[in-house]
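Contents: one structure, followed by commentary.
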Amino acid sequence: YKSGVPWNESNYSNAEFDEILAQAEGVLDAKERSLLVKRMEEIMQEDGPLVQSWWRDAYAAYDKRLLGYQQHPTNYWSLEEYALAT
């Protein structure tokens, strides 16, 4: 999300973010760099240039006699696609 680079598809631009990014690129110590990255994440959350995805666990319990079942990411059930084995 560095300003003015071709891979910044959102065209996000923030001078403080760019400054911290340049600083972080030169820090070898992982703990010290993580503090800078934390601030960059806070800036992006405050400015909202992107939607940060989050993942949730999705579990399903079913009997092996249920044929054709596949877990849908939204837990949507389309029952016409399933059958019960006898």
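Counting from 1, the numbers follow the sequence of the chain as shown.
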Inset, instruction - For atom CD of E19, decide whether the heavy atoms of other residues, nucleotides or ligands shown that lie under 6.0 angstrom number more than 12. - result: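 No.
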
Inset, instruction - Check Y12 against I43 and note the closest heavy-atom contact, atom names and distance. - result: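 The pair with the smallest heavy-atom distance is OH-CG2, 3.3 Å.
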
Inset, instruction - Give the minimum heavy-atom separation between F17 and K2, together with the two atoms involved. - result: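 Of all heavy-atom pairs spanning F17 and K2, the closest is CE2-N, 4.1 Å.
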
From [X] [atom1] over to [Y] [atom2], what is the distance, rounded to the nearest 0.5 angstrom?
X: K38; Y: E41; atom1: NZ; atom2: CD; answer: 9.0 Å
X: D47; Y: N14; atom1: CG; atom2: CG; answer: 5.0 Å
X: D18; Y: M40; atom1: CG; atom2: CE; answer: 9.0 Å

Inset, instruction - Report the hydrophobic cluster partners of V5, with the cluster defined as I, L, V, M, F, W, Y residues connected by side-chain heavy atoms closer than 4.5 angstrom, directly or transitively. - result: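 Result for V5 is W7.
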
Inset, instruction - Flag the pair E42 and R39 as a salt bridge only when some basic side-chain nitrogen lies within less than 4.0 angstrom of an acidic carboxylate oxygen. - result: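 Answer for the salt bridge query: yes.
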
Inset, instruction - Output all residues satisfying salt bridge (charged side-chain N to carboxylate O under 4.0 Å, His left out) with E25, sequence neighbours left out; order by chain, then residue number. - result: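 Listed in chain order: nothing, the list is empty.
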
Legend entry - Flag side-chain contact, heavy atom, 4.5 Å: L84 against L66: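 Result yes, sub-4.5 Å side-chain heavy-atom pair found.
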
Just distance, no hydrogens or angles: give the donor-acceptor pairs under 3.5 Å from side chains in residues 30-37, sequence neighbours left out.
from : atom 1 : to  : atom 2 : distance (Å)
R33  : NH1    : V27 : O      : 2.6
R33  : NH1    : L28 : O      : 3.4
S34  : OG     : K31 : O      : 2.7

